Amino acid sequence: MTVTINKSSVPHKVDFATPLSDVICHIKEDGAVIVRGFMDVETIQKLQEEVDTAVEKGSFGPRYQEYNEEAGEIPKHEIYKRGEGKKTKHMKNLALTSETFRNDVLNHKWMHAVCEQIYGEEFGDYWMNCAHILHLEPGEKAQFFHRDTGVYRVSDFRRRLNDPEFMINFLVSLTEFREDNGATQLIPGSHKWDAAHPPTFYGSDEAVPAILEPGDAVVYLGSLFHGAGENRSLDYRRGMIVSMHPAHFTPMESHFHLPKEIVESMTPLAQQMVGWRTMNNQNKIPIWQAGDDKIEDVLRLQHKEV
Ligand code: AKG
């Protein structure tokens with residue numbers, strides 16, 4: 001199904017005074033909304049200072065460039081095949097790196113009010129799927145259009161128009177987002193499309209850039225086709241995405257509380273069963289990672305020999 005959109009009016013722009021019911025209507029109808037002043041400029045400045053060194057040190061492009069292609073190690077899914085460009089850095093580990101992220105972002109009242117509306121009735125609690133800094137250097141090409149929910153096969157079984165949403169993303173601008181510096185391109189209404197792929201992977205007449213001042217945010221559904229734009233400017237473009245999904249996608253029992261020495265007496269398979277190891281989805285996309293690394297590597301986890 002395709003939906004005709006008046007490009008001049010979407011995504012709608014709202015602020016904290018806009019009734020939440022209107023905000024939710026825009027998100028459900030268009031798949032996205034822009035909120036002005038999601039964070040104030042001083043807080044954005046502080047966040048920038050906290051993450052700057054880590055972004056500087058971070059590597060460009062997707063991590064799978066380090067994998068052995070001949071051994072079939074490269075994730076096959078479109079998101080990873082086309083993934084991040086060579087002039088893009090996605091910096092993870094925000095809860096470790098940034099006090100502002102821990103204190104301000106994760107407690108953001110409006111963000112939680114939106115999540116509560118999207119998930120509360122259908123799923124109960126929700127939690128963070130991931131959060132990254134999205135940094136584009138000058139000269140970066142446009143990213144391909146994709147759905148962030150593509151990581152999870154189960155999202156293909158949702159009936160697009162009726163079923164509850166599995167992911168909502170808050171992409172906050174840390175610099176200006178302009179048409180010429182790689183503002184995220186969104187295809188409004190595409191969360192309702194049945195297609196698993198966009199009609200074209202790059203460039204679309206139906207796409208609109210999310211133009212943002214530092215501190216604004218574009219809130220979009222994980223099922224909306226979107227991609228970073230081309231950065232034709234002389235400066236970097238930087239944003240921060242916070243992705244939320246239902247707590248439903250979680251085992252009933254957690255094993256964080258197990259003493260490490262008990263976990264280390266277990267086989268790798270048994271460790272994985274209690275959530276102490278990073279896993280892969282069917283396309284070898286790593287899930288349940290520690291930043292960009294495997295949990296077992298970061299924890300230097302020993303295991304029982306098999
Ligand atoms: C992604 O990497 O999945 C994105 O959608 C990035 C969007 C952006 O950086 O504007």
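In each ligand, atom 1 is the first atom listed, and ligand 1 is the first ligand listed. From a predicted model like this one, the values you see are computed outputs, not experimental measurements.
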Review point. What atoms of ligand 1 come closer than 4.0 angstrom to any heavy atom of Q143?
Key: 1 (C), 2 (O), 3 (O), 4 (C), 5 (O), 6 (C), 7 (C)
Check your understanding: With V218, which of V35, V172, I211, I34 fulfils side chain to side chain contact (heavy atoms under 4.5 Å, CB included)?
Key -> I34
Point to revise | Residue T184 vicinity, atoms of ligand 1 by number, heavy atom under 4.0 Å | key: 8 (C), 10 (O)
Check your understanding: If you count the atoms of ligand 1 from 1 in the order shown, which ones are under 4.0 Å from a heavy atom of H146?
Key -> 1 (C), 3 (O), 4 (C), 5 (O)
Check your understanding: Does E296 pair with R277 as a salt bridge, N-O distance under 4.0 Å?
Key -> yes
Practice item. Under 4.0 Å from a heavy atom of D148: give me the atoms of ligand 1 that qualify, with their elements. Key: 3 (O)
Review point. Is it true that the side chains of T88 and E137 contain a donor and an acceptor less than 3.5 Å apart?
Key: no
Review point. Looking only at heavy atoms of Q185, does any of them come nearer than 4.0 Å to an atom of ligand 1?
Key: no
Review point. Which residues satisfy the side-chain contact (heavy atoms from CB on, under 4.5 Å) test with P164, sequence neighbours excluded?
Key: E122, F123
**Study point:** Region of R237 engaging ligand 1 - heavy atom pairs below 4.0 Å
**Key:** side chain
Practice item. Any pair with a residue in residues 284-306 that passes ring pair (Phe, Tyr, Trp, His ring centres under 6.0 Å), sequence neighbours left out, goes on the list, sorted by first then second residue, please. Key: none
